Amino acid sequence: MTEHGEGLQRVDHGFGPLYDHASRILFLGTMASPASRSQGFFYMHPRNRFWPVMEALFADPDDPADRVDASVQSRRAFALRHHIALWDAIESCDIRHASDASIRNVVPSDLAPIITGSRVNHIYTCGAKATALYHRYCEPDLAAQGITLPATALPSTSPAYAAAILDDLIATYRARIDWNAYRTPVVDGAGRRPTHRI
């Protein structure tokens, strides 16, 4: 990290996206927090509600082992088991601590390798800043590569937005996720997802 004025630091993401060929939906954050960068995985701040939301929405109620604990290994396995891809809109930027409002000099992420290497058919942006960055940088870049996907904005699960209680976050995520597309991914005859809007 490089120090800049106004308390800003130049920060690289520090670890790559999570997905595999079976991933169906992509949750896109803004930039890995200091806690996430130190542990090399997504949403690792102990007060971030992302993983409790994921467990509430995706865990099999008939399988007591299908749960998420605080470890990277558990969270990685849970996401892949439920066909969830994870990445952030920013590869590197100037930022003050974990303040989205302070972000400057953005190098955006290239989402195309995730989309073309999986069955992702919907992008969910997690928080207002992630949504704005996606539409400003990532969406035009995907379009230039011939990829158009539906995208839906979701509220942030960050502890910085503690006014949003967990039950409300779960309800909002449940209402906005396209469950039909998640349960029935659209692919072509060769097993690839189409690059047009579905």
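Just so you know, these numbers come straight off a predicted model, no measurement behind them.
Within the 4.5 Å cutoff, the side chain of Thr30 has heavy atoms near those of the Ile103 side chain. Two residues are said to be in side-chain contact when any heavy atoms from C-beta on lie closer than 4.5 Å; Pro108 and Asp141 fail this criterion. Side-chain contact between Leu142 and Ile123: present, with at least one pair of heavy atoms (C-beta onward) separated by less than 4.5 Å. Between Tyr19 and Ile84, the closest side-chain pair of non-hydrogen atoms is not below 4.5 Å. In this structure, the side chains of Val72 and Met44 come closer than 4.5 Å at one or more pairs of heavy atoms. With a 4.5 Å cut-off on side-chain heavy atoms, Asp12 and Glu91 do not count as touching. With contacts defined as side-chain heavy-atom distances shorter than 4.5 Å, the pair Leu111/Leu28 qualifies. Within the 4.5 Å cutoff, the side chain of Asn121 has no heavy atoms near those of the Tyr182 side chain.
In this structure, the separation between CG on Leu169 and OG on Ser156 is 8.0 Å, given to the nearest 0.5 Å. Atom CD1 of residue Ile114 and atom CG of residue Leu18 lie 9.0 Å apart, to the nearest 0.5 angstrom. Here CG of Leu154 is found 6.5 Å from CD1 of Ile177. Values are rounded to the nearest 0.5 Å. Note that CD of Gln73 is 9.5 Å distant from CZ of Phe41, once rounded to the nearest 0.5 Å.
No continuous path of ILVMFWY side-chain contacts below 4.5 Å connects Phe15 to Val107, so the two sit in separate hydrophobic clusters.
Between the Arg119 side chain and the Asp20 main chain, no donor and acceptor come within less than 3.5 Å of each other. Of the possible donor and acceptor atoms, one in the side chain of Ser109 sits under 3.5 Å from a partner among the backbone N and O of Asp88.
Heavy atoms only, all atoms of each residue included: Gly16 and Phe42 are closest at O-CZ, 3.5 Å. Closest approach of Arg49 to Ala164, counting heavy atoms only: NH1-O, 2.6 Å.
Sorted by first then second residue, the salt bridge (charged side-chain N to carboxylate O under 4.0 Å, His left out) pairs that include residues 70-84, not counting sequence neighbours, are Asp66-Arg81. Pairs engaging residues 161-182 under the salt bridge (charged side-chain N to carboxylate O under 4.0 Å, His left out) rule: none recorded [sequence neighbours left out]. Residue pairs meeting the salt bridge (charged side-chain N to carboxylate O under 4.0 Å, His left out) criterion with at least one partner in residues 142-159, sequence neighbours excluded, do not occur; the list is empty.
In this structure, a donor-acceptor pair under 3.5 Å is absent between the side chains of Ser158 and Asn48.
In this structure Ser36 satisfies the side-chain hydrogen bond (donor to acceptor under 3.5 Å, both in side chains) test together with Ser33, sequence neighbours excluded. Checked against ring pair (Phe, Tyr, Trp, His ring centres under 6.0 Å), His83 has no partners two or more places apart in sequence or in another chain. Residues forming a side-chain hydrogen bond (donor to acceptor under 3.5 Å, both in side chains) with Thr172 (at least two apart in sequence, or on another chain): none. Under the rule for a side-chain hydrogen bond (donor to acceptor under 3.5 Å, both in side chains), the partners of Asn105 that lie at least two apart in sequence or sit in another chain are Asp94. Remark: Pro52 engages Leu166 in a side-chain contact (heavy atoms from CB on, under 4.5 Å) (not counting sequence neighbours). Legend: residues meeting ring pair (Phe, Tyr, Trp, His ring centres under 6.0 Å) with Tyr124, ordered by chain and number and at least two apart, are Phe27, His122. In this structure Asp69 satisfies the side-chain hydrogen bond (donor to acceptor under 3.5 Å, both in side chains) test together with Ser71, Ser74, sequence neighbours excluded.
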Between Arg104 and Cys93, is the side-chain contact (heavy atoms from CB on, under 4.5 Å) condition met? List the steps. CA-CA 6 Å; Arg104 304 285 188 277; Cys93 66; over 6 Å; no
Could you pull out every donor-acceptor pair under 3.5 Å between side chains of residues 55-64 and any protein atom, sequence neighbours left out?
residue : atom : partner : partner atom : Å
Glu55   : OE1  : Val68   : N            : 2.7
Asp60   : OD1  : Asp62   : N            : 2.8
Asp63   : OD1  : Ala65   : N            : 3.0

List, one per line, each side-chain donor-acceptor pair under 3.5 Å for residues 128-138, sequence neighbours excluded.
residue : atom : partner : partner atom : Å
Thr131  : OG1  : Thr125  : OG1          : 2.7
Thr131  : OG1  : Gly127  : O            : 2.9
His135  : ND1  : Glu139  : OE1          : 2.7

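Ring to ring, Tyr43 and His45 are not that close: their centroids are 6.0 angstrom or more apart.
Ring pair His13/Trp87 is tilted by interplanar angle, where 30° to 60° counts as tilted.
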